[in-house]
Amino acid sequence: LDRFGDRALAEIDAACVRDFTADRRKAVTAATAKRDLSILHAILNRAYQEGSLAKVPPFPKIKQAPGRCRWLTVDEERRLIDAAARHLKPLLAFAIDTGGRRGELLGLDWRHVDLDGNRVVFFKTKNGEDRAVRLTDRARAVLIALEPKEGGPVFTFGGKAIKDPKKAFDRARRVAGIEDVRFHDLRHTFASRLVQKGVPLYEVMQLTGHKSLAMVQRYSHLAPDFQERAIGALNAYGHDLGTITENPTPAPPPKKWKNPKVSLGVLMVEPRGIEPLTSTLRTWRSPN
């Protein structure tokens, strides 16, 4: 509204969209600018469908940086949890062992915890679908230590739901001496460890709640045997060509064909061009 609130729909042309894109790219990340453009594009599309706009102007494409793939080593995880505040420790351990998004974790209610079935259910996830996650031994122990209740938020501070752990997380990160790590990287740690243990990407996609395999491709290079399988497939051909250091026996020169000649009533021709018909050959005779 700040940018387009006083404009008529017809005034929002390609140049206008291009200028808006350039300004947003200076102020926000590529991902945020792309979301802003998506909203504007949806508005103009709706106006076009309802007949309020003659045409939708072209929108520039924004190239985003490759997806972030930072995960914690076992040592970094231990240091981070040791340095965290008391109320933050269970949240960190649970995040690493379930791969939940921050909103999913903070919104987790005791009504969605099934210790008998050894699982929790994240409702209203980012992709719009509910997701059930099996509990590791540590994740189960975390929930038991928090003393399960009939209902209410699972992760609390001072009796109230934790709203934003950013400050406490950053403090723990600094005390632990860990650089370049965010709360969302705990989710990356969950997915990365699965791939490193050989769990197929499709199963990782189901556990993390991603909509497509493209979203988990960033972890594919972590698979312990993906290169071994690929090279093994090539070795399976069983080529026996020696080594490049051996001196191969020179191949004999190609056999030279002699000029065509007529002998014994048969015409000898070079192996090129069009072969004469049999009926034609029968009409040719040796001059002898």
Side-chain angles (χ1 to χ4, degrees), residues 1-71 91 95 98-109 112 121-133 153 155 161-167 169-170 180-188 190-191 201-202 204-220:
L1 290 177
D2 291 341
R3 183 68 177 246
F4 300 104
D6 297 331
R7 291 177 179 267
L9 285 171
E11 295 177 344
I12 305 178
D13 55 13
C16 182
V17 173
R18 190 167 54 248
D19 292 342
F20 172 67
T21 303
D23 291 343
R24 292 303 287 158
R25 287 294 288 112
K26 295 176 183 178
V28 298
T29 64
T32 301
K34 190 172 183 178
R35 286 193 294 269
D36 291 345
L37 284 181
S38 295
I39 295 173
L40 179 61
H41 200 274
I43 293 172
L44 297 184
N45 272 336
R46 181 64 177 271
Y48 173 76
Q49 293 168 3
E50 294 183 353
S52 301
L53 187 64
K55 66 176 182 178
V56 178
F59 275 60
K61 293 184 178 180
I62 296 179
K63 185 177 181 180
Q64 291 184 238
R68 180 181 172 88
C69 190
R70 169 71 161 96
W71 69 93
L91 178 60
T98 62
R101 299 179 179 91
R102 181 173 61 178
E104 296 169 349
L105 297 167
L106 299 182
L108 183 63
D109 193 283
H112 308 149
V121 179
F122 293 130
F123 284 88
K124 299 180 181 179
T125 62
K126 184 179 179 180
N127 64 18
E129 298 177 358
D130 300 339
R131 183 173 83 258
V133 178
F155 298 103
I162 298 175
K163 292 185 177 181
D164 187 357
K166 187 178 186 306
K167 290 183 178 180
F169 181 85
D170 286 343
D180 188 34
V181 66
R182 309 168 188 169
F183 189 91
H184 193 74
D185 294 331
L186 305 181
R187 177 170 162 85
H188 292 322
F190 170 80
L201 289 181
Y202 180 79
V204 176
M205 181 187 75
Q206 298 298 318
L207 290 168
T208 56
H210 286 108
K211 277 275 190 177
S212 66
L213 280 173
M215 298 298 294
V216 294
Q217 285 295 331
R218 72 182 74 178
Y219 308 111
S220 61

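The chain is numbered in sequence order, starting from 1.
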Return a table of donor-acceptor pairs under 3.5 angstrom between the side chains of residues 50-57 and protein atoms on other chains or two or more places apart.
from: E50; atom 1: OE2; to: R46; atom 2: NE; distance (Å): 2.8
from: E50; atom 1: OE2; to: R46; atom 2: NH2; distance (Å): 3.4

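- For R35, the side chain to side chain donor-acceptor pair (under 3.5 Å) criterion is met by T32, not counting sequence neighbours.
- The CD1 atom of I162 lies 10.0 Å from the CG atom of L105; values are rounded to the nearest 0.5 Å.
- Partners of D19 by side chain to side chain donor-acceptor pair (under 3.5 Å), not counting sequence neighbours: none found.
- Taking 4.5 Å as the limit, some side-chain heavy atom of F59 sits within range of a side-chain heavy atom of L44.
- Taking the side chain to side chain contact (heavy atoms under 4.5 Å, CB included) definition, one finds that S38 meets it with nothing, sequence neighbours left out.
- Counting heavy atoms from C-beta on, the side chains of H112 and F123 come closer than 4.5 Å.
- Annotation: side-chain hydrogen bond (donor to acceptor under 3.5 Å, both in side chains) contacts involving residues 3-13, sequence neighbours excluded, comprise R3-D23.
- Side-chain contact between P165 and L106 is present, with at least one heavy-atom pair separated by less than 4.5 Å.
- Using modelled atom types, one side-chain atom of D185 and one backbone atom of R182 make a donor-acceptor pair closer than 3.5 Å.
- Ring orientation note: the planes of F183 and F169 are nearly perpendicular, at an angle over 60° on the 30°/60° scale.
- Between G100 and R131 the shortest heavy-atom distance is CA-NH2, 4.0 Å.
- Distance check, rounded to the nearest 0.5 Å: OG1 of T98 to CD of E104 gives 8.5 Å.
- Side chains of F20 and D36 form a contact here, defined as non-hydrogen atoms less than 4.5 Å apart.
- Of the possible polar contacts, one joining the R187 side chain to the G99 backbone as a donor-acceptor pair under 3.5 Å is found.
- Among all heavy-atom pairs drawn from P60 and V17, the shortest one is CD-CG1, 3.7 Å.
- Contacts of D164 classified as side chain to side chain contact (heavy atoms under 4.5 Å, CB included), with partners at least two apart in sequence or in another chain: R102, K166.
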